[in-house]
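Everything on this sheet refers to the single structure shown next.
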Protein chains: 2
Amino acid sequence: MAKSAKSNKTMAIELRDKLAEFIANGNFKAGDKLPTEAALTAKYGVSRTALREALKLLEQNGTIYVHHGKGRFVGGIAELKVERPITLFESVTALTRGNGYDPTNKVLSIAEQHAPEHIAAALKISADDRVLRLERIRMHRDDVLMYCVDYVPRHLITDKIYDVEWSGSLMDLLETYGHKATMSSATAAAVLLPDDVIAANNLEEFGPAFRIVETVYTAAGEPIVYAEDYHRGDAFEFSFVRS
Amino acid sequence: MAKSAKSNKTMAIELRDKLAEFIANGNFKAGDKLPTEAALTAKYGVSRTALREALKLLEQNGTIYVHHGKGRFVGGIAELKVERPITLFESVTALTRGNGYDPTNKVLSIAEQHAPEHIAAALKISADDRVLRLERIRMHRDDVLMYCVDYVPRHLITDKIYDVEWSGSLMDLLETYGHKATMSSATAAAVLLPDDVIAANNLEEFGPAFRIVETVYTAAGEPIVYAEDYHRGDAFEFSFVRS
DNA sequence: ACCAGATAGTTGTATGATGAGTTTTCGGCG
DNA sequence: CGCCGAAAACTCATCATACAACTATCTGGT
């Protein structure tokens, strides 16, 4: 199996994902026996080393379980897999598309200011540091799907704020400045939009919102965004497995 | 490194855990460089194969990240762990206590009926099979925290329904009948309580609800409960890590 | 028919070699 | 002396081979 061209992924990761797909698409149910290592190395054309590494990753995430000398078997949790769990870190654009919409962004405001105390703490900046506050709505045709407020430490964006295109993906933008978002710590709650937001933006029909407040980090643990995302209740549903 | 005596764990798993401990105890912070493969094989007295397998497991769970040719570094995700993530399978009682409340249950109704089609499908029962529908509210003093509807396949409860105490934990009850709940597949959304529920139970002040719909399974993958839980929006907040 | 040993099948572990990406060192040139 | 390119060293990625440990099945002896 040749690795994908230009892929940064290792063979083990690619193979893990291919095997996961094979299991998901192969009419397996919990407890079914998987092909042996020998059969799988032949099937995918890889070394036994890469295959074993991939299989151990699948074992760690519950997709399979192993009995030494007997073989490998499909784990029960595999049937509970959801395609895009709430725990998946992805851009708001991808999330919105995953819920079946074709989103466009509208920038309501972009401003440089001091951060409220709790936001400064989350972003690990001092009270003297400034943040950029980006306020946007995400729309599908004429319907407002999300109201979003993002706070970014000012020092991360080395250009003047009016020289920057703010309507695209904030994560992609930060990556061009050398800060690649990879994970976040989040909380979710059911709320109503703040009254002043409703009044300022004609959002009387928005209804209950699924609010996610998250701090976004690079792989090295550097906090780069504090986000408050209000997802319209009747437009979004979030999936996850509890175990 | 000798494996623990009588351990069923593979070398890779044991080493993963030892390395995780080394990282946690070693005054490392996110972004710090870890010792090379050569140094770690010498330190732990293991083959390079086992070490690489262990390191890949740590990479998958976010503890470390890798840059080909540069080395391995401590990941920031370890600092993001939350104590009771939304993905933790626990009883509603434990969840409610985790949010700081001392809940009492009030049974609104218990009835035997046919299951709606989507619920029969989720519980993997036929249209002829019957379910028990349990409707309850969870209260903290005089405040209603949750409105819950649970559906249980009738055949799981071998006693007459009026001989059963329904105000306790449903999961504990099912365990006494030999069906231990261990995991669930869930979706969450922000909604309003249905109008008839508000009217029937004087819940005009409930406000937006964080609704979790989940199918609960035993370890063998047998579905035993279909639950619709409406958590009062201003009383519950759910945490999770995205990666 | 039952039991013990041998064989075959399957996963677990180790070692050595080569390839690919990154950093450091060395030598030549202006 | 500083800069640049090439080579060497460092570090992770992949492959191949050999042997060990566990499980299932087969065979031969009683």
Side-chain angles (χ1 to χ4, degrees), chain A residues 1-19 22-23 26 28 31-75 178 180 182 219-220, chain B residues 1-19 22-23 28 31-75:
Chain A
M1 177 178 91
K3 276 174 32 180
S4 307
K6 293 190 180 176
S7 172
N8 290 333
K9 293 185 182 179
T10 60
M11 183 69 77
I13 299 288
E14 291 214 8
L15 199 48
R16 177 198 66 191
D17 297 341
K18 279 188 156 45
L19 286 166
F22 168 64
I23 291 168
F28 289 106
D32 282 357
K33 189 170 187 308
L34 290 168
T36 61
E37 291 180 2
L40 289 171
T41 54
K43 175 182 170 68
Y44 291 100
V46 294
S47 73
R48 191 170 167 225
T49 306
L51 177 75
R52 292 183 54 79
E53 287 176 356
L55 288 169
K56 294 207 178 196
L57 295 177
L58 290 174
E59 186 185 358
Q60 180 173 248
N61 68 25
T63 305
I64 65 175
Y65 63 92
V66 185
H67 200 128
H68 184 186
K70 296 182 69 165
R72 289 183 170 87
F73 305 86
V74 178
K180 179 174 164 63
T182 72
Chain B
M1 177 179 89
K3 278 174 32 183
S4 307
K6 295 191 180 176
S7 173
N8 290 334
K9 292 186 182 179
T10 60
M11 184 70 76
I13 299 290
E14 291 214 10
L15 197 52
R16 176 198 65 190
D17 297 341
K18 279 188 154 52
L19 287 166
F22 168 64
I23 291 167
F28 290 107
D32 283 356
K33 190 171 186 310
L34 289 168
T36 62
E37 290 180 1
L40 289 171
T41 54
K43 176 181 169 67
Y44 291 101
V46 294
S47 74
R48 191 170 164 225
T49 304
L51 177 75
R52 292 181 57 77
E53 287 176 358
L55 288 169
K56 293 209 176 186
L57 295 177
L58 289 175
E59 187 184 357
Q60 178 172 249
N61 69 24
T63 306
I64 65 175
Y65 62 94
V66 184
H67 198 135
H68 185 11
K70 296 183 69 168
R72 289 182 171 88
F73 305 85
V74 177

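To find a chain, count down the sequence lines: A is the first, B the second, and so on, and within it residues start at 1. Treat the numbers as computed from the prediction; the structure is a model and nothing was measured. The figures that follow rest on heavy atoms only: side chains count, while hydrogens, waters and symmetry mates do not.
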Side-chain donor-acceptor contacts of residues 45-55 of chain A below 3.5 Å, not counting sequence neighbours, with atom names and distances?
residue : atom : partner : partner atom : Å
S47(A)  : OG   : T49(A)  : N            : 3.4
S47(A)  : OG   : A50(A)  : N            : 3.3
R48(A)  : NE   : E37(A)  : OE1          : 2.6
R48(A)  : NH2  : E37(A)  : OE1          : 3.0
R52(A)  : NH1  : E37(A)  : OE2          : 2.5
E53(A)  : OE1  : K56(B)  : NZ           : 3.0

Could you tell me the separation between the CE atom of M11(A) and the C1' atom of dG19(C), rounded to a whole number of Å?
-> 12 Å

Least distance between heavy atoms, F28(B) atom then I23(B) atom = CD1-O, 3.5 Å

If each of K33(B) and A12(A) is mapped to the nucleotide of DNA chain D with the nearest heavy atom, which maps nearer the 5' terminus, i.e. the 5' end?
-> K33(B)

How would you list, by chain and number, every residue that makes a salt bridge (charged side-chain N to carboxylate O under 4.0 Å, His left out) with K180(A), sequence neighbours excluded?
-> E175(A)

Below 4.0 angstrom from OP1 or OP2 of dC12(D), is there any side-chain N or O of K70(B)?
-> no

Quick one: OG1 on T63(B) to CG on L19(B), what's the gap to the nearest 0.5 Å?
-> 10.0 Å

Rounded to whole Å, the CD1-P distance (I13(A) to dC12(D)) equals 16 Å

Round to a whole Å and report the spacing from CD of E59(A) to P of dT10(C).
-> 18 Å

Interatomic distance, R72(A) CZ vs dT10(C) C1' [rounded to whole Å] | 9 Å

Taking dA13(D), dC15(D), dT13(C) as options, the one with an atom nearest any side-chain atom of E37(B) is dA13(D)

One should read off an interatomic distance between D17(A) CG and K9(A) NZ, to the nearest 0.5 angstrom, of 5.0 Å

Between H67(A) and S47(A), the residue closer to the 5' end of DNA chain D by nearest nucleotide is S47(A)

Hey, does the side-chain of H68(B) have a donor or acceptor N/O within less than 3.5 Å of a partner on the base of dA13(D)?
-> no

Which of parallel (below 30°), tilted (30 to 60°) and perpendicular (above 60°) describes F73(B) and Y65(B)?
-> parallel

By a strict heavy-atom criterion of less than 4.0 Å, which residues belonging to residues 48-58 of chain A are in contact with DNA chain C?
-> R48(A), R52(A), K56(A)

